[in-house]
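Letters A, B, ... mirror the listed sequences (proteins, then strands); counts begin at 1.
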There are 2 protein chains.
Amino acid sequence: MTPNDSLRQADVLFQALGLLEPIGAEERRALRRLGGPVVRIGEGSYVSRHGDYPAASALLIEGFLCRQRLLEEGQRQIFSLHYPGDLAGFETLRLRLLDHDIRALTDCHVSYIPHGALESLMREYPGLAAALWKSALREGAVVREWMAGIGRRPALQRLAHLICEIFVRMRVLGRTSDDRFYLPLNQTDMADILGLSLVHVNRMAGLLRRSGLIEWRHQHMSISDWPQLRDLARFDPAYLQFHRPPLLT
Amino acid sequence: MTPNDSLRQADVLFQALGLLEPIGAEERRALRRLGGPVVRIGEGSYVSRHGDYPAASALLIEGFLCRQRLLEEGQRQIFSLHYPGDLAGFETLRLRLLDHDIRALTDCHVSYIPHGALESLMREYPGLAAALWKSALREGAVVREWMAGIGRRPALQRLAHLICEIFVRMRVLGRTSDDRFYLPLNQTDMADILGLSLVHVNRMAGLLRRSGLIEWRHQHMSISDWPQLRDLARFDPAYLQFHRPPLLT
DNA sequence: CGCAGATTTGAATGCAATCAACACTGGTGG
DNA sequence: CCACCAGTGTTGATTGCATTCAAATCTGCG
């Protein structure tokens with residue numbers, strides 16, 4: 001580990017937690033002491049698997065992870081996405097058994113933080129503990145939002161909603177330029193998030209594109225008409241629980 | 001509050017937590033000190049609402065609660081069920097904003113436990129804190145299981161899976177007699193859990209009944225052929241995270 | 001060039017929704 | 001005691017959204 005690595009880890013985590021709870025300088029310094037080696041993992045590789053009892057959380061520094069489950073008939077359901085700064089698998093600190101896979105959607109930089117290190121950090125800094133728990137619980141809120149979509153919303157609205165969510169999350173991380181951002185997911189991934197078939201995602205995406213709401217090519221998406229997209233999706237970012245509202249309504 | 005009330009509260013919570021983590025006698029005594037007045041609330045009433053910032057969790061003593069969301073077009077999605085001993089809304093201790101409704105599916109007995117009381121209890125008894133967090137996180141695992149069902153499983157299997165889950169949870173609470181138990185949900189509720197229409201739930205239920213897997217009348221269900229039902233549902237109770245496996249495979 | 005992965009489009013199928021009645025239950029009040 | 005009613009459950013007929021099957025195009029890459 002270079003000192004540089006350790007800074008990057010602390011900063012990306014600080015940024016993510018800071019979006020949920022105000023965090024002070026002292027806590028920021030404490031985060032630096034977490035630093036372990038940064039590991040590069042390739043697209044498609046598994047951070048942890050269904051049935052594991054992980055002894056560490058994976059701090060995602062660069063790239064995208066997802067939580068997924070492979071069903072009996074070869075189908076896949078994706079439960080959530082992890083963005084840089086997320087501590088994937090944090091909940092196994094208490095749950096122990098992992099009931100799904102954590103898998104890299106892109107090439108990633110990850111740093112493993114042993115549960116013990118987190119425990120003592122959280123004991124010493126209740127503010128960090130609060131932010132970490134909030135982050136874990138917020139994931140639950142996102143899953144509920146997706147579940148409502150899969151259960152009750154038509155495909156077009158569902159897709160639009162997902163695009164809105166990813167856009168807002170990328171934006172608060174400073175990873176958009178104007179209305180354009182890097183979208184790591186292909187249509188198969190989208191389908192497995194939305195509980196749709198690949199073909200249908202493609203059709204709905206085409207519809208959004210032809211309606212002039214989005215552009216989407218080569219892993220890049222740009223939002224051409226945010227108000228219309230947001231209204232179509234009935235997107236309300238409250239469930240994302242940012243402690244100050246995203247700069248976008 | 002009668003001393004009896006306080007005992008009931010402590011015991012039902014002790015039972016629920018004890019299914020997740022081993023809990024000692026000292027912690028059990030500590031739970032007794034939580035006791036507040038027991039409130040009776042009627043079927044259909046709201047414990048908390050979407051947009052609230054609850055200052056307390058609701059300890060469910062008797063009856064059933066659900067978490068739900070009403071969508072724009074008058075549709076409903078139910079995200080989870082609460083059984084006696086559950087602390088509904090516990091996660092607002094950290095999340096603060098509630099992004100859904102907590103609502104009574106039946107007449108209920110509830111006791112409100114202020115967040116502050118839980119905070120100090122958890123500080124003093126780390127074992128209880130662990131169990132409470134595990135309980136909150138386990139709910140996330142259940143939601144994921146439901147989400148996989150809605151997204152990727154056919155209706156019949158989905159319904160069968162839900163029945164298996166409720167059966168096992170009632171059983172570990174000692175609320176079954178043989179293979180028979182009280183089922184508080186009507187077919188409309190089932191539909192809103194499963195992301196199906198009422199009519200289709202009815203048809204699938206009829207199918208399960210005519211296949212000799214279940215009986216279901218007048219709010220009572222009995223499992224006539226557990227092995228077949230479990231296999232049809234591909235039900236594996238691991239995600240329920242009981243610290244010892246339910247007495248049923 | 002050849003190939004694997006991703007995207008796109010068309011056609012046929014099917015699962016579940018919707019629409020529409022009807023039956024059953026328990027509770028209410030005349 | 002019975003008519004009435006609301007809530008719940010059941011069944012049939014029709015519709016439609018999304019899936020599946022199939023094939024073509026496009027892209028980046030060795």
Side-chain angles (χ1 to χ4, degrees), chain A residues 42-45 64 71 73-78 104-107 149-163 182-211 214-221 232, chain B residues 42-45 64 71 73-78 104-107 149-163 182-211 214-221 232:
Chain A
E43 175 187 335
S45 58
F64 293 85
L71 303 191
E73 285 77 13
Q75 306 170 92
R76 178 174 69 150
Q77 179 67 50
I78 293 179
L105 285 174
T106 65
D107 292 341
I150 298 178
R152 293 301 185 202
R153 292 191 178 116
L156 183 66
Q157 192 182 343
R158 235 186 284 178
L159 176 61
H161 197 281
L162 177 61
I163 292 170
Y182 166 59
L183 181 72
L185 310 180
N186 60 29
Q187 297 186 350
T188 303
D189 297 327
M190 289 282 207
D192 289 335
I193 290 174
L194 299 170
L196 294 170
S197 70
L198 161 63
V199 172
H200 204 58
V201 167
N202 182 278
R203 287 190 221 281
M204 296 301 104
L207 224 159
L208 289 178
R209 199 182 292 124
R210 282 192 301 280
S211 308
I214 63 168
E215 289 169 49
W216 179 13
R217 288 158 47 211
H218 310 313
Q219 311 233 86
H220 283 270
M221 181 169 289
L232 170 64
Chain B
E43 175 186 337
S45 59
F64 293 85
L71 303 191
E73 284 76 12
Q75 308 169 91
R76 179 173 68 149
Q77 179 67 50
I78 294 180
L105 285 174
T106 65
D107 292 342
I150 298 177
R152 292 302 186 202
R153 291 190 177 117
L156 183 67
Q157 191 182 343
R158 236 186 283 179
L159 175 60
H161 197 279
L162 177 61
I163 293 171
Y182 166 60
L183 182 72
L185 310 179
N186 61 27
Q187 297 187 349
T188 303
D189 297 326
M190 289 283 207
D192 289 336
I193 291 174
L194 299 171
L196 294 170
S197 70
L198 161 63
V199 172
H200 204 58
V201 167
N202 182 279
R203 287 191 220 282
M204 295 300 104
L207 225 159
L208 289 179
R209 198 183 292 124
R210 283 192 300 282
S211 309
I214 63 167
E215 289 168 50
W216 179 14
R217 288 159 45 211
H218 309 313
Q219 311 233 86
H220 284 271
M221 182 169 288
L232 171 64

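- Across D:dT19, C:dT9, D:dG9, the shortest atom-to-atom separation from the side chain of B:N202 is found for D:dG9.
- The CZ-C1' distance, from A:R153 to D:dA18, rounds to 18 Å in whole Å.
- Going from atom CG of B:L208 over to atom P of D:dT10 covers 12 Å, rounded to whole Å.
- Inter-residue side-chain proximity for A:I150 and A:Q77 is flagged as met; some heavy-atom pair is nearer than 4.5 Å.
- With contacts defined as side-chain heavy-atom distances shorter than 4.5 Å, the pair B:L196/B:L159 does not qualify.
- Spacing between atom CG of B:L105 and atom C1' of D:dT8 amounts to 15 Å, rounded to whole angstrom units.
- Residue B:R203 has its side chain nearest to D:dA13 when only D:dA22, D:dA13, C:dA16 are considered.
- With a 4.5 Å cut-off on side-chain heavy atoms, B:Y182 and B:T106 count as touching.
- Between the CZ atom of B:R158 and the P atom of C:dC15 there is a distance of 13 Å, given to the nearest Å.
- Fit an axis to the five pairs at each end of the helix from C:dC1-D:dG30 to C:dG30-D:dC1 and the two axes sit 30° apart, to the nearest 10 degrees.
- Evaluation of the side chain to side chain donor-acceptor pair (under 3.5 Å) rule for B:R203 yields no partner, not counting sequence neighbours.
- When the C1' atom of C:dT7 is taken as reference, atom CG of A:L183 falls 14 Å away, rounded to whole Å.
- Note: A:Q157 CD to A:L194 CG = 11.5 Å, rounded to the nearest 0.5 Å.
- Here D:dG28 presents its C1' atom at 11 Å from CD of A:Q219, a figure rounded to the nearest Å.
- Side chain of A:P154, nearest nucleotide from D:dA18, D:dG9, C:dA16: D:dA18.
- Separating the CG atom of B:L159 from the C1' atom of C:dA16 is a distance of 14 Å, rounded to the nearest angstrom.
- Within the 4.5 Å cutoff, side-chain heavy atoms of B:M190 are placed close to those of B:L183.
- Counting heavy atoms from C-beta outward, B:R76 and B:D189 have side chains that approach closer than 4.5 Å.
- Counting only distance, with no hydrogens or angles, the side chain of B:R153 and the backbone of B:R158 share no donor-acceptor pair below 3.5 Å.
- At the heavy-atom level, A:R209 lies under 4.0 Å from the strands shown only through sugar-phosphate atoms.
- Going from atom CD of A:Q75 over to atom C1' of D:dT19 covers 11 Å, rounded to whole Å.
- Note that the CD1 atom of B:I193 and the OG1 atom of B:T188 stand 11.0 Å from one another [nearest 0.5 Å].
- On a pure distance criterion of 3.5 Å, no polar donor-acceptor pair joins the side chain of B:R217 and the base of D:dG9.
- Taking every heavy atom of residues 185-198 of chain A and every atom of DNA chain C, pairs under 4.0 Å involve A:N186, A:Q187, by number.
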